[in-house]
Peer 1: 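Attaching a single structure in structure tokens format; questions to follow.
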Amino acid sequence: DPAFNQWAVDLMYYTNTALVRTANYYVQQAFMKNAATETFAVEETFADDYEPTCLIRAQEGNSRVYVGKLYKVISRDGRTGDVIVKIVNVSGEDIGVNVKLSGVSVHGASEVTLVRGAGTGTANTLGSEPVKPETFTLAAEKKFGYTAPAYSLTVIRLHT
């Protein structure tokens with residue numbers, strides 16, 4: 001179904017001489033490297049004109065399947081004390097997010113890992129790797145804004 005936004009679940013493909021890591025490989029890798037021991041409650045509000053769900057597939061008849069555009073979890077790595085913000089944007093639009101943390105002190109630059117595709121059908125092949133992690137730093141404090149790109153996973157690791 002071309003309107004259904006999903007990639008293959010395999011982690012990798014290989015031949016006798018080459019290995020292709022899939023988008024799912026990089027997503028699983030980001031979650032593994034940023035595992036947490038404690039999860040925090042998240043409160044969310046939306047702008048008046050923001051629709052928080054999107055249509056992913058039209059089914060037979062008049063029924064439709066809607067999913068949330070944005071999924072998020074805020075947690076703490078008990079080993080390092082870092083706060084980890086994970087944001088998944090399944091929609092085809094960039095979405096601005098404001099994060100406000102309470103009860104923590106953030107210092108230093110935050111590390112960001114971003115895995116994004118160009119939408120339905122984006123896949124790594126033997127000759128091309130359009131989906132792979134990007135890493136950069138973000139000057140994030142207890143309160144900061146971030147734009148989650150379309151079809152992406154973002155992991156923000158804030159040092160406390």
Side-chain angles (χ1 to χ4, degrees), residues 5-12 19-56 66-125 127-160:
N5 294 328
Q6 183 168 339
W7 61 64
V9 296
D10 294 330
L11 293 177
M12 58 186 70
L19 173 71
V20 176
R21 292 171 181 90
T22 67
N24 198 36
Y25 174 90
Y26 290 121
V27 167
Q28 295 298 323
Q29 180 185 55
F31 272 84
M32 185 262 321
K33 286 182 176 181
N34 294 284
T37 54
E38 176 185 5
T39 302
F40 300 112
V42 175
E43 294 180 33
E44 61 184 21
T45 57
F46 302 107
D48 291 339
D49 61 345
Y50 179 72
E51 177 57 49
T53 61
C54 61
L55 175 67
I56 61 163
Y66 289 88
V67 297
K69 289 180 180 180
L70 204 67
Y71 296 88
K72 64 268 170 217
V73 64
I74 299 177
S75 53
R76 182 187 309 271
D77 180 338
R79 185 179 51 81
T80 64
D82 292 349
V83 172
I84 303 167
V85 178
K86 296 175 187 153
I87 303 167
V88 176
N89 179 356
V90 301
S91 76
E93 62 189 73
D94 295 351
I95 299 176
V97 177
N98 292 316
V99 177
K100 181 180 177 185
L101 304 171
S102 347
V104 296
S105 178
V106 176
H107 61 83
S110 299
E111 300 160 8
V112 180
T113 301
L114 172 63
V115 180
R116 64 176 151 181
T120 305
T122 303
N124 293 346
T125 65
S128 173
E129 192 176 36
V131 181
K132 59 185 172 187
E134 303 170 38
T135 57
F136 54 94
T137 59
L138 178 68
E141 298 293 327
K142 288 172 66 166
K143 182 178 180 181
F144 63 94
Y146 177 75
T147 300
Y151 306 114
S152 70
L153 160 69
T154 303
V155 178
I156 304 170
R157 184 175 273 269
L158 300 117
H159 303 293
T160 59

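For the numbers below, each heavy atom of this structure counts, side chains included, while hydrogens, waters and symmetry mates do not. Along the sequence shown, residues are numbered consecutively beginning with 1. Every value quoted in this text rests on a predicted model; they were computed, and no experiment measured them.
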Peer 1: Are the charged groups of Lys69 and Glu51 less than 4.0 angstrom apart, N to O?
Peer 2: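 The answer is no: the pair does not qualify as a salt bridge.
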Peer 1: Strictly below 4.0 Å, N to O, side chains only: are Glu44 and Lys72 in salt-bridge contact?
Peer 2: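 Salt bridge present between Glu44 and Lys72.
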Peer 1: Is there a salt bridge (charged side-chain N to carboxylate O under 4.0 Å, His left out) between Arg116 and Glu134 once you walk through the steps?
Peer 2: CA-CA 9 Å; Arg116 64 176 151 181; Glu134 303 170 38; 2.9 Å; yes
Peer 1: Given 3.5 Å as the limit, does a donor-acceptor pair link the side chain of Thr53 with the main chain of Tyr66, or not?
Peer 2: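 A pair under 3.5 Å: no.
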Peer 1: Quick check: does any side chain N or O of Lys142 sit under 3.5 Å from a backbone N or O of Val104, one acting as donor and the other as acceptor?
Peer 2: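 Present.
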Peer 1: Measure across Tyr25 and Leu11 and return the closest heavy-atom pair with its distance rounded to 0.1 Å.
Peer 2: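 Of all heavy-atom pairs spanning Tyr25 and Leu11, the closest is CB-O, 3.0 Å.
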Peer 1: Between Ser128 and Asn124, is a side-chain contact (heavy atoms from CB on, under 4.5 Å) present by the stated rule, with each step listed?
Peer 2: CA-CA 6 Å; Ser128 173; Asn124 293 346; over 6 Å; no
Peer 1: For the CG atom of Leu114 and the OG1 atom of Thr135, what is their distance to the nearest 0.5 Å?
Peer 2: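 Answer for the CG-OG1 pair, Leu114 versus Thr135, is 10.0 Å.
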Peer 1: Between Asn89 (side chain) and Glu93 (backbone), is there a donor-acceptor pair under 3.5 Å?
Peer 2: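 Answer holds: yes.
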Peer 1: Using modelled atom types only, decide if a donor and an acceptor are shared between the side chain of Asp94 and the backbone of Thr147 within a distance under 3.5 Å.
Peer 2: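 No; judged by distance alone, with no hydrogens or angles, the pair does not exist.
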Peer 1: Please report the closest heavy-atom contact between Ser110 and Leu158, naming both atoms and the distance.
Peer 2: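 Closest heavy-atom pair between Ser110 and Leu158: OG-CD2, 3.4 Å.
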Peer 1: Can you tell which of Lys132, Glu129, Arg21 makes a side-chain hydrogen bond (donor to acceptor under 3.5 Å, both in side chains) with Tyr26?
Peer 2: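 Considering Lys132, Glu129, Arg21, a side-chain hydrogen bond (donor to acceptor under 3.5 Å, both in side chains) with Tyr26 is found only for Glu129.
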Peer 1: Donor-acceptor check, side chain of Arg157 to backbone of Glu111, threshold 3.5 angstrom: yes or no?
Peer 2: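 Looks like no, no N/O pair under 3.5 Å.
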Peer 1: Walk me through whether Val155 and Ile84 qualify under side-chain contact (heavy atoms from CB on, under 4.5 Å).
Peer 2: CA-CA 7 Å; Val155 178; Ile84 303 167; 3.8 Å; yes
Peer 1: Could you tell me whether the side chain of His159 and the main chain of Asp82 form a donor-acceptor pair under 3.5 Å?
Peer 2: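 Pair absent, no side-chain N/O of His159 close to backbone of Asp82.
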Peer 1: Give a yes or no answer on whether the side chain of Ser152 reaches the backbone of Thr154 with a donor-acceptor pair at less than 3.5 Å.
Peer 2: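 Judged by distance alone, no pair lies under 3.5 Å.
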